[in-house]
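Okay, so here's the structure we're looking at.
Source: prediction; values computed, not measured. Numbers restart at 1 for each chain; the letters A, B, ... are given by sequence-line order, proteins then strands.
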There are 2 protein chains.
Amino acid sequence: MTLESVINAQPALQAATSYPRGANVAERSAAPPSLAISTVIFALRPIEGTDRLALWLPLVRRIREPFKDQWALPGGPLSHQESLQDAAGRNLQETTGLKPRFLEQLYAFGGLQRSAQKNTQRVVSIVYWALVQPPEAALATESDNVRWVRADCLEELAFDHNEIVEYALWRLRNKLEYGSLAYHFLGERFTLAQVREVYEAVLNRQLDPANFRRQLKATVDIEETDEYLQGGKHRPPRLYRYTGNTETFN
Amino acid sequence: MTLESVINAQPALQAATSYPRGANVAERSAAPPSLAISTVIFALRPIEGTDRLALWLPLVRRIREPFKDQWALPGGPLSHQESLQDAAGRNLQETTGLKPRFLEQLYAFGGLQRSAQKNTQRVVSIVYWALVQPPEAALATESDNVRWVRADCLEELAFDHNEIVEYALWRLRNKLEYGSLAYHFLGERFTLAQVREVYEAVLNRQLDPANFRRQLKATVDIEETDEYLQGGKHRPPRLYRYTGNTETFN
DNA sequence: GCAAAAGTGTTTAATATACACCCATGA
DNA sequence: TCATGGGTGTATATTAAACACTTTTGC
């Protein structure tokens, strides 16, 4: 399943099903809210023309009302047979093609003004967020209806998806410094400079290489290997491995 | 509405509605999950017999299956007319009788093993957590079916409510030091020693009064008043006011 | 050798901790 | 005046930041 193919699943969850015209008000308001799962997928990619990294996320174009032709977060329906976490994971797999190394619940959005349509069924969205590595991200190819965009210069998205991305960014920046988050953007082995690049891209500011290296090594959860990254222009840097646990809640 | 009276609302949300026997499997699995809202309500109360504070929360006794006669978090149905935040706030108001100064979404729980019953409708619970002040907490009177218990020595609760409380405690302890959380346990004016007592109760360890005072005053969000708390046994301490914003997300 | 990133050392400032000490009040 | 918590001062340890300097590679 490709990223594009999930677009067809979109309207089923975030667009709204109208009630039959004959339904009276009491019946309508008694109807249960429907449940949807969306995911904010962050990846680090170089800014075009430069070698500096920035945060990107994939969007899909809506092909039905409401918000037809606008861009939205990838999402899917909540199947009766899977947990919330599994539903989000499956959705991410269908979207990027790979199992995420980091997938965590972000927030449940259930405001009444989420859909611009009137007389629609209420939709509660449980939003997850994921971090993927560059090789994984490369599998989610672009097309007319799938696009990677920079997270910090978004156009207007469908529904309340702009706010959702803002919140995800806020969470990412807050959680970064005090946990294992950065390593989810990287492979199993990495140089300390690569970790610094992750921090610099996410926090959007320069960090002192010398001090950053010392702080990282003070973290006991990092372990040096005997290998060095070859092929660079300068002195080959040592490769490290993350040894802390990467478990998330639920 | 009293705390006790909301018990009757409980089964409607966390117990499960069986499907008619004639329904086939396809129809059954297509049925949408139902949505419930629960709230973990924390208050600081003295440990019996001492003057040290500890975290307490109110529980209600279930009067129907599943988990009949076991204790559970107060909860209520999600009305079609209100936002998630409003639904949680109304539920808290019905429970403790007062508008909370702090109410925030905790997590959406939607595991499939949440109910011990088979052949039941799936229930997704969006759980909020609240902090209330002692005078507010006093309004939630105890009865046969309503009890305040200490948060750190819970018996076995209904559903997965033990895990939910554990998670809420974890969040509380993490968020305490870096925000305005502590002041939600206190009134508009307070002494610095009272703030320290809140920290000591939540973090469950002693803090140096001198250093704590200095760190607090380094926070620009605190302002001294001209008033002093009279009636104590010793030197009357100065009263302070919190000037930071107490807004929460959503 | 030169440029550039890897990696180390050192100096300084900011912050946390420990604890001695004075202050103001009720009893 | 004594006990006690309120409140201040200070000396020390720990940590963060700034930046000079050495090392190792490709070209």
Problem set entry | Minimum-distance nucleotide to B:Pro237 side chain [options: D:dG7, C:dT25, D:dT24] | D:dG7
Exercise. C:dA5 P sits how many Å from A:Gln194 CD, rounded?
Worked result: 15 Å
Seminar exercise, completed: Considering only heavy side-chain atoms of B:His234, the closest of D:dG7, D:dG5, D:dT25 is D:dG5
Seminar exercise, completed: Walking DNA chain D from its 5' end, the first of B:Arg238 and A:Gln230 to be reached, judged by nearest nucleotide, is B:Arg238
For this session: Grab the OH-C1' distance between B:Tyr240 and D:dG7 for me, whole Å please.
Result: 8 Å
Exercise. How about B:Phe190 and B:Tyr183: are their ring centroids closer than 6.0 Å?
Worked result: yes
Exercise. Should the pair A:His161 and A:Phe159 be assigned to parallel (<30°), tilted (30 to 60°) or perpendicular (>60°) ring geometry?
Worked result: tilted
Exercise. Within this structure, what is the CG-to-C1' distance between B:Leu192 and C:dC23, rounded to whole angstrom?
Worked result: 16 Å
Problem set entry | Whole-Å distance separating the OH atom of B:Tyr228 from the P atom of C:dG26 | 14 Å
Exercise. Is there a donor and acceptor pair, one atom on the side chain of B:Arg235 and one on the base of C:dA24, closer than 3.5 Å?
Worked result: no
For this session: Go through the side-chain N and O atoms of A:Arg171 and A:Asn174 and say whether any donor and acceptor fall under 3.5 Å apart.
Result: no
Seminar exercise, completed: When rounded to whole Å, the CG to P distance for the pair B:Leu239 and D:dG6 reads 12 Å
For this session: Starting from C1' on D:dA16, measure out to NZ on A:Lys217 and report it in whole angstrom.
Result: 19 Å
Problem set entry | Minimum side-chain heavy-atom gap B:Val202-B:Arg173 below 4.5 Å | yes
Exercise. Does the ring centre of B:Phe109 sit less than 6.0 Å away from the ring centre of B:Tyr107?
Worked result: yes
For this session: In plain terms, say whether A:Glu200 and A:Arg52 are close enough for a salt bridge, that is, a side-chain N and a carboxylate O under 4.0 Å apart.
Result: no
Exercise. Are A:Lys217 and A:Glu224 ion-paired here, with the side-chain N under 4.0 Å from a carboxylate O?
Worked result: yes
Exercise. Do any of residues 199-215 of chain B sit with a heavy atom less than 4.0 Å from DNA chain C, and if so which?
Worked result: B:Asp208, B:Ala210, B:Asn211, B:Arg214
Exercise. Could you state the CD-P distance from B:Glu177 to C:dT15, rounded to the nearest angstrom?
Worked result: 17 Å
For this session: By nearest nucleotide on DNA chain C, pick out whichever of A:Arg196 and A:Lys233 is the more 5' one.
Result: A:Lys233
For this session: Send over the distance from A:Leu216 CG to D:dA16 C1', rounded to a whole Å.
Result: 15 Å
